[in-house]
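Residues: numbered from 1 along the sequence shown.
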Amino acid sequence: MNQIKRTFSTSVRQPYQDAIALILKIIDYHNEQARKDFGNQEFHIQQAKVLKIYMIDLKEFITNHEQKTQEEYE
């Protein structure tokens, strides 16, 4: 798999970066399959939604954790 060049990272985000990149690729794949595989379109749409919700939750967790970490240093 090609490594994605990251221009922003924190000690909180770093452990999640590879997983996030992979999940985004999987979301893109399901969206592509939803356009091509009409017999399984609903399945692919649903899987992309599940992963998107996961990403939203993960990013919220990371942001909150970063804020708490930063507050501890101030």
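- The aromatic rings of His30 and Phe43 sit perpendicular to each other, their planes meeting at more than 60°, with 30° as the lower class boundary.
- Note that CG of Asn64 is 10.5 Å distant from OG1 of Thr69, once rounded to the nearest 0.5 Å.
- Connection of Tyr16 to Leu22 is established within a shared hydrophobic cluster, with ILVMFWY side chains joined at heavy-atom distances below 4.5 Å, either directly or through further cluster members.
- Partners of Asn40 by side-chain hydrogen bond (donor to acceptor under 3.5 Å, both in side chains), not counting sequence neighbours, listed by chain and number: Asp37.
- Taking NE2 of His44 as the reference point, atom CD of Gln46 lies at 12.5 Å (rounded to 0.5 Å).
- For the side chain to side chain contact (heavy atoms under 4.5 Å, CB included) test with Val12, the passing option among Lys68, Gln70, Glu66 is Glu66; the others fail.
- Residues passing the salt bridge (Lys or Arg N to Asp or Glu O under 4.0 Å) test with Lys36 are Glu32, sequence neighbours excluded.
- Counting heavy atoms from C-beta on, the side chains of Thr10 and Ile62 never come closer than 4.5 Å.
- Under the 4.5 Å side-chain heavy-atom criterion for Ile, Leu, Val, Met, Phe, Trp and Tyr, Ile27 and Ile45 are members of distinct hydrophobic clusters.
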Per-pair distances, 0.1 Å, donor-acceptor, side chain in residues 47-57, under 3.5 Å, sequence neighbours excluded:
none

